[in-house]
Amino acid sequence: MRTTVAIVGAGPAGLLLARLLDAEGIESVVLESRDRAHVERRQRAGILEQGTADALRAAGAGARMDREGLRHTGIELRFDRRRHRVDLSALTGGRSVYVHAQTEVCKDLIALRLRTGGPLLFGARALAVEDADTDRPRVRYRHGGRDEVLECSYVAGCDGYWGVSRAAVPPALTRTYERSWPYAWLGILADVPPSHHELVYARHDRGFALLSMRPAGGGTGGAPVSRLYLQVPPGTDAASWGDADIWDELERRVETDGGRRLARGAITAKAVTPMRSYVHEPMRHGRLFLAGDAAHIVPPTGAKGLNLAVGDVVTLARALVAHRDTGDPAGIDAYSADCLRRVWQAEHFSYTMTDLLHRHPDASPFDDRLRRARLDRITGCRAAATDFAEGYTGIPFPRDA
Ligand code: FAS
Ligand code: PHB
């Protein structure tokens with residue numbers, strides 16, 4: 001088989017890139033190792049930055065987000081039993097975030113691709129990207145029990161952290177930067193309306209907690225449900241947390257003076273996510289372009305992972321279209337540097353927000369007082385609050401700033 005752009009991976013990065021290329025009449029084939037049901041139900045990101053929401057609308061994939069998603073103009077920080085609302089929109093000239101799950105974004109992009117776009121092969125596991133540094137790269141993959149080859153002009157490595165496309169960059173040309181965190185997140189879905197209308201990030205001596213939510217979804221028009229997170233030690237077994245323990249611990253960590261108890265309900269899912277910061281440089285090698293988690297990972301605290309992936313593929317699509325229309329390779333040549341500037345800004349924001357809000361097992365009393373001072377500054381100084389709000393609502397896409 002032959003195409004113009006071979007896209008490895010049908011997560012948000014690969015699916016949105018396919019949509020953007022379809023809209024410009026650039027042929028592509030998407031190879032996805034898992035089946036459709038797995039991709040569509042994989043619980044991950046829940047917050048779309050302003051730029052991501054705008055990109056989905058421009059790609060004709062934002063209708064359900066606008067119909068079912070929840071536009072949030074602020075978040076709440078809680079510490080020392082006190083509540084502090086950060087007015088994101090007032091601080092950023094009107095920017096907001098959208099609560100709309102990655103699962104829903106992927107469902108809509110898959111449906112669009114299957115209805116109007118090029119091939120999307122599920123159960124197609126890429127084995128290797130070859131000859132990326134020539135003008136005839138190819139992807140070897142396995143599909144339907146047979147070994148196949150996809151000839152192409154470009155390869156987009158959108159296969160996430162555990163994918164194979166990164167391996168096509170020669171080790172001698174690769175630099176990786178990594179940090180593991182001394183804690184993880186226990187993520188919980190509960191069939192009960194959220195106890196607060198906006199997201200609540202709580203810093204507590206017992207550990208971090210996050211009260212998020214998911215729109216009713218599926219057009220039911222029902223009440224949102226609760227998406228909740230607890231800081232836990234790395235390697236925690238989710239099954240070791242009983243429902244009552246989860247609710248009790250969440251309540252302890254988000255409790256405020258005069259505050260109400262959390263609304264409780266049936267817990268329908270729980271899973272532990274490890275925390276990792278990771279960047280692979282460069283994000284391009286010859287005709288191979290890495291995008292999304294294939295190139296970088298952030299701890300989920302800042303809700304940046306999915307949003308970084310969107311910025312990467314919007315940048316890549318623009319570069320490929322410009323090269324096709326004008327022959328100018330400038331965008332292609334600048335892809336890696338352009339994306340990495342935004343990636344490192346998001347890595348820094350995610351690092352600082354994670355470090356600020358979590359309880360470090362080896363923190364000294366001095367360290368903890370410094371974190372408290374930083375929280376006091378963000379909630380008491382407009383300049384500090386503005387910097388935080390700008391980071392949270394989204395770092396502009398490359399060349400958009
Ligand atoms: P993805 O990993 O989503 O997609 C890669 C795709 O490639 C997958 O479908 C995979 O099956 C496929 N693939 C892999 N190897 C392949 C091969 N050899 N051949 C073919 N296909 C292959 N981000 C947030 O902003 N907020 C959150 O709360 C949050 N929670 C997360 C929880 C977990 C458990 C994880 C792992 C990530 C979380 N993230 C969160 C980050 C997450 O949303 C990612 O940033 C986002 O999925 C990135 O999208 P992609 O780059 O498309 O990678
Ligand atoms: C989520 O709803 O999954 C979510 C929200 C905010 C975050 C991280 C995850 O910072």
Side-chain angles (χ1 to χ4, degrees), residues 6-18 29-36 38-40 42-49 52 70 72 75 97-103 105-106 109-110 120-129 139-143 150 156-167 184-189 194 198-201 208 210-215 224-229 238 269 271-276 278 290-313 346 349-350 353-354 357 392 394:
I7 299 174
V8 184
L15 289 168
L16 181 57
L17 177 61
V29 171
V30 182
L31 304 175
E32 166 56 49
S33 56
R34 308 303 295 265
D35 64 29
R36 178 175 182 178
H38 178 89
V39 173
E40 291 188 344
R42 198 166 38 193
Q43 282 297 330
R44 285 197 174 167
I47 300 297
L48 306 182
E49 293 173 353
T52 296
L70 306 171
H72 281 197
I75 60 170
V97 294
Y98 294 78
V99 182
H100 185 61
Q102 177 171 321
T103 48
V105 173
C106 288
L109 288 170
I110 288 169
L120 164 50
L121 306 183
F122 289 105
R125 173 172 293 280
L127 305 173
V129 174
V139 179
R140 279 193 306 107
Y141 67 99
R142 191 153 178 79
H143 187 230
L150 179 55
C158 303
D159 46 352
Y161 183 74
W162 304 104
V164 297
S165 54
R166 243 187 355 252
W185 273 14
L186 171 60
I188 300 128
L189 263 180
E198 293 179 322
L199 270 61
V200 175
Y201 292 82
F208 169 78
L210 169 59
L211 307 183
S212 182
M213 61 191 77
R214 289 292 180 270
V225 295
S226 294
R227 178 64 168 150
L228 310 157
Y229 294 95
V272 173
T273 302
M275 288 266 191
R276 179 186 291 117
Y278 175 85
L290 301 176
D293 278 17
H296 40 71
I297 297 283
V298 285
T301 321
K304 293 289 164 226
L306 164 60
N307 296 292
L308 276 181
V310 168
D312 292 347
V313 296
F349 178 81
S350 303
M353 190 172 173
T354 300
L357 293 172
Y392 189 88

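If you're wondering where the values come from, they're calculated on a predicted model, not measured in any experiment. Atom set for the values below is all heavy atoms of this structure, side chains included, hydrogens, waters and symmetry mates excluded. Both ligands and their constituent atoms are indexed starting at 1 by order of listing.
Taking every heavy atom of Ile47 and a limit of under 4.0 angstrom, the matching atoms of ligand 2 come to 5 (C), 6 (C). Distances below 4.0 Å separate heavy atoms of Ala124 from the following atoms of ligand 1: 19 (N), 20 (C). Taking every non-hydrogen atom of Tyr229 and a distance limit under 4.0 Å, the qualifying atoms of ligand 1 come out as 28 (O). The Arg42 neighbourhood of ligand 1 comprises atoms 8 (C), 9 (O), 10 (C), 11 (O), with distances under 4.0 Å to a heavy atom of that residue. Close contacts between ligand 1 and Gly163 involve ligand atoms 15 (N) [criterion: under 4.0 Å to a heavy atom]. Listed by number with element, the atoms of ligand 1 under 4.0 Å from a non-hydrogen atom of Arg34 are 11 (O). Short contacts between ligand 1 and Gly292, defined as distances under 4.0 Å to a heavy atom of the residue, involve ligand atoms 51 (O). Shown in contact with Leu31 at under 4.0 Å from a heavy atom are these atoms of ligand 1, numbered in order with element: 20 (C), 21 (N). If you number the atoms of ligand 1 from 1 as listed, the ones under 4.0 Å from a heavy atom of Ala303 come out as 25 (O).
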### Residues Phe122, Ile110; criterion side-chain contact (heavy atoms from CB on, under 4.5 Å); working and verdict
CA-CA 11 Å; Phe122 289 105; Ile110 288 169; 4.1 Å; yes
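Nearest-heavy-atom check against atom 5 (C) of ligand 1 across Cys106, Cys158, Ser212 picks out Cys158. The heavy atom nearest to atom 12 (C) of ligand 1, considering only Arg227, His296, Glu32, is found in Glu32. Taking only non-hydrogen atoms, the option from Gln102, His143, Glu49 nearest to atom 47 (O) of ligand 1 is Gln102. If you check each of Leu199, Thr273, Thr301 against atom 10 (O) of ligand 2, the one with the closest non-hydrogen atom is Thr301. Comparing heavy-atom distances from atom 29 (C) of ligand 1 across Ala346, Gly14, Ala45 singles out Ala45 as nearest.
Of the protein's heavy atoms, Gly11 CA, 3.5 Å lies nearest to atom 4 (O) of ligand 1.
Distances between N or O atoms of Tyr392 and those of ligand 2 include no value under 3.5 Å. Considering both main-chain and side-chain atoms, Arg227 never comes within under 3.5 Å of ligand 2 through any nitrogen or oxygen pair. Where the criterion is an N or O separation shorter than 3.5 Å, residue side chain and backbone included, Tyr201 meets it with respect to ligand 2.
Checking Leu16, Leu17, Val39 one by one against Leu109, the side chain to side chain contact (heavy atoms under 4.5 Å, CB included) holds for a single residue, Leu16.
The aromatic rings of Phe208 and Tyr201 sit tilted, their planes meeting at an angle between 30° and 60°. Between Phe349 and Tyr392, the angle of the ring planes goes over 60°, which puts this pair in the perpendicular group of the 30/60° scheme.
Arg166 contributes no side-chain N or O that, together with a main-chain N or O of Gly157, makes up a donor-acceptor pair within less than 3.5 Å.
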